[in-house]
Amino acid sequence: MLSVNHAVLRYGVIEALHGISFEIEEGEIVTLLGANGAGKSTTLRMISGLHAPSSGSIVFEGRDVTHVKAHEFSSFGISHVPEGRRIFAQMTVEENLEMGAFRRRGSLTGDIDEIYAMFPILQDRQKQKGANLSGGEQQMLAIGRALMAKPRLLLLDEPSMGLAPKIIQQIFEIISQIRDQGTTVFVVEQNAQQALRLADRGYVMENGRIVFGDSAAKLLDDPRVRAVYLGEPVDS
Ligand code: ATP
């Protein structure tokens with residue numbers, strides 16, 4: 001579905017991605033793990049056209065999208081839930097959801113109802129402003145808003161950030177449900193244990209490079225992952 005090929009990305013003189021390559025197959029949940037500053041968010045921003053690579057290519061469903069701009073992306077079938085959610089704080093829940101579909105025509109009622117079926121708490125809060133929601137509700141709204149664009153590929157940047165374990169569990173169950181309903185998911189996470197339980201496959205990123213990738217089950221067993229990302233002592 002998506003392939004990133006030898007992508008190099010620079011912020012001015014700083015090279016943040018040093019030629020990364022990876023693939024996502026349709027129907028998968030793939031996770032990208034790595035420490036702070038490894039380049040995970042940059043990778044998502046590159047896929048969704050916010051920053052173009054200076055070399056390399058990105059191919060989505062057989063089409064070269066390397067230089068497609070962010071505002072064109074939702075019509076290509078990719079939605080991005082950024083780090084920190086970025087919901088519209090002064091708009092209501094319902095208005096936020098409508099904004100997610102601003103490039104589509106026709107009635108949105110049925111689609112909003114589908115989001116409410118997935119996140120019943122958002123229906124209860126539909127007239128409240130985004131600013132008044134809890135962190136977990138804001139994350140649900142950010143995901144719901146992204147789904148309103150009817151993406152085939154959903155990019156999620158640290159959906160568990162700052163949330164209580166019970167809420168994280170709920171969000172991860174919903175991500176699984178989103179995949180079961182036919183949307184492929186690429187999720188950046190620092191919460192490696194839970195991300196690998198959720199995902200089919202994972203990639204590990206360090207200092208702007210993808211250092212390895214494997215099935216989630218193998219990564220959960222990999223001593224390097226266990227030592228660095230799951231906080232286990234390394235056997236000598
Ligand atoms: P985090 O979890 O902390 O967001 P990350 O793995 O997502 O980490 P990135 O945010 O992608 O990492 O950052 C990768 C590198 O690029 C870091 O060295 C960071 O300082 C740098 N960087 C990120 N955004 C910018 C920017 N807008 N301008 C300049 N440098 C940036």
Side-chain angles (χ1 to χ4, degrees), residues 2-24 29-58 60 65-71 73 78-87 135-136 138-139 142-143 146 151 153-165 167-168 171-172 175 184-199 201-214 216 219-220 222 224-231:
L2 180 89
S3 69
V4 172
N5 312 297
H6 311 289
V8 173
L9 191 143
R10 295 195 178 88
Y11 292 114
V13 293
I14 300 166
E15 189 172 289
L17 302 178
H18 310 297
I20 62 167
S21 299
F22 63 95
E23 297 198 335
I24 300 173
I29 298 179
V30 178
T31 187
L32 182 61
L33 306 174
N36 278 340
K40 307 179 300 298
S41 298
T42 299
T43 302
L44 289 195
R45 291 200 289 263
M46 178 181 72
I47 296 171
S48 61
L50 289 162
H51 299 298
S54 54
S55 62
S57 68
I58 305 167
F60 179 61
V65 295
T66 315
H67 296 291
V68 170
K69 299 275 182 264
H71 64 274
F73 254 95
I78 299 180
S79 282
H80 182 180
V81 180
E83 192 171 356
R85 352 249 201 243
R86 310 258 175 98
I87 57 158
Q138 289 189 359
Q139 184 64 66
I143 296 174
L153 175 63
L154 180 67
L155 309 175
L156 296 171
D157 198 343
E158 305 244 10
S160 75
M161 190 193 268
L163 304 181
I167 308 292
I168 295 177
I171 299 273
F172 278 38
I175 296 172
T184 305
V185 179
F186 187 43
V187 55
V188 159
E189 260 298 340
Q190 290 212 19
N191 194 330
Q193 178 103 23
Q194 269 177 303
L196 289 172
R197 288 218 182 100
L198 170 82
R201 289 192 304 117
Y203 291 99
V204 176
M205 190 163 210
E206 284 173 11
N207 300 320
R209 291 193 165 79
I210 291 194
V211 286
F212 50 95
D214 212 328
L219 289 178
L220 267 171
D222 188 300
R224 292 165 296 182
V225 174
R226 298 189 78 85
V228 180
Y229 299 103
L230 306 179

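Order of appearance sets the numbers: ligands from 1, and atoms from 1 within every ligand. When reading the values below, keep in mind they use all heavy atoms of this one structure, side chains included, and skip hydrogens, waters and symmetry mates.
The ligand atoms of ligand 1 that sit less than 4.0 angstrom from a heavy atom of Thr42 are 9 (P), 11 (O), 13 (O), 14 (C). Listed by atom number, the atoms of ligand 1 under 4.0 Å from Ala16 heavy atoms are 16 (O). Atoms of ligand 1 found under 4.0 Å from any heavy atom of Arg45 (numbered from 1 in listed order, with element): 23 (C), 24 (N). Near Gln190, meaning under 4.0 Å from one of its heavy atoms, ligand 1 places the atoms 2 (O). Set against the non-hydrogen atoms of Ala35, the atoms of ligand 1 under 4.0 Å away are 6 (O). Applying the 4.0 Å criterion to heavy atoms of Glu83 picks out, from ligand 1, the atoms 4 (O). Per-residue contacts place Glu158 under 4.0 angstrom from the following atoms of ligand 1 (heavy atoms of the residue considered): 2 (O). Near Ala38, the atoms of ligand 1 lying under 4.0 angstrom from a non-hydrogen atom of the residue are 5 (P), 6 (O), 12 (O).
The closest approach between any non-hydrogen atom of Gly12 and ligand 1 is not below 4.0 Å. The shell of residues lying under 4.0 angstrom from ligand 1, judged by heavy atoms, includes Gly37.
Scanning the protein heavy atoms around atom 23 (C) of ligand 1, the nearest turns out to be Tyr11 CE1, 3.4 Å.
Rounding to the nearest 0.5 Å places CD1 of Ile168 at 11.0 Å from CE of Met161.
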Under the criterion side chain to side chain contact (heavy atoms under 4.5 Å, CB included), I'd like the reasoning laid out for Asp157 against Lys40: C-alpha separation, chi angles, the key distance, then a yes or no.
CA-CA 8 Å; Asp157 198 343; Lys40 307 179 300 298; 5.6 Å; no
Show the numbers, then the answer: is there a side chain to side chain contact (heavy atoms under 4.5 Å, CB included) between Ile47 and Leu155?
CA-CA 9 Å; Ile47 296 171; Leu155 309 175; 4.0 Å; yes
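For the pair Arg10 (side chain) and Leu17 (backbone), a donor-acceptor distance under 3.5 Å is absent.
Proximity of Ser41 to ligand 1, defined as any heavy-atom pair under 4.0 Å, is shared by backbone and side chain alike.
For the residue pair Glu158 and Asn191, no side-chain donor N or O sits within less than 3.5 Å of a side-chain acceptor on the partner. Side-chain contact, Asn5 with Ser21: no donor N or O sits under 3.5 Å from an acceptor N or O. Residues Tyr203 and Thr31 bring no donor and acceptor atom of their side chains to less than 3.5 Å of each other.
Distance remark: protein heavy atom not present below 4.0 angstrom from atom 19 (C) of ligand 1. Within 4.0 Å of atom 9 (P) of ligand 1, at least one protein heavy atom is present.
Remark: Arg45 pairs with no residue by the salt bridge (charged side-chain N to carboxylate O under 4.0 Å, His left out) rule, at least two apart or across chains.
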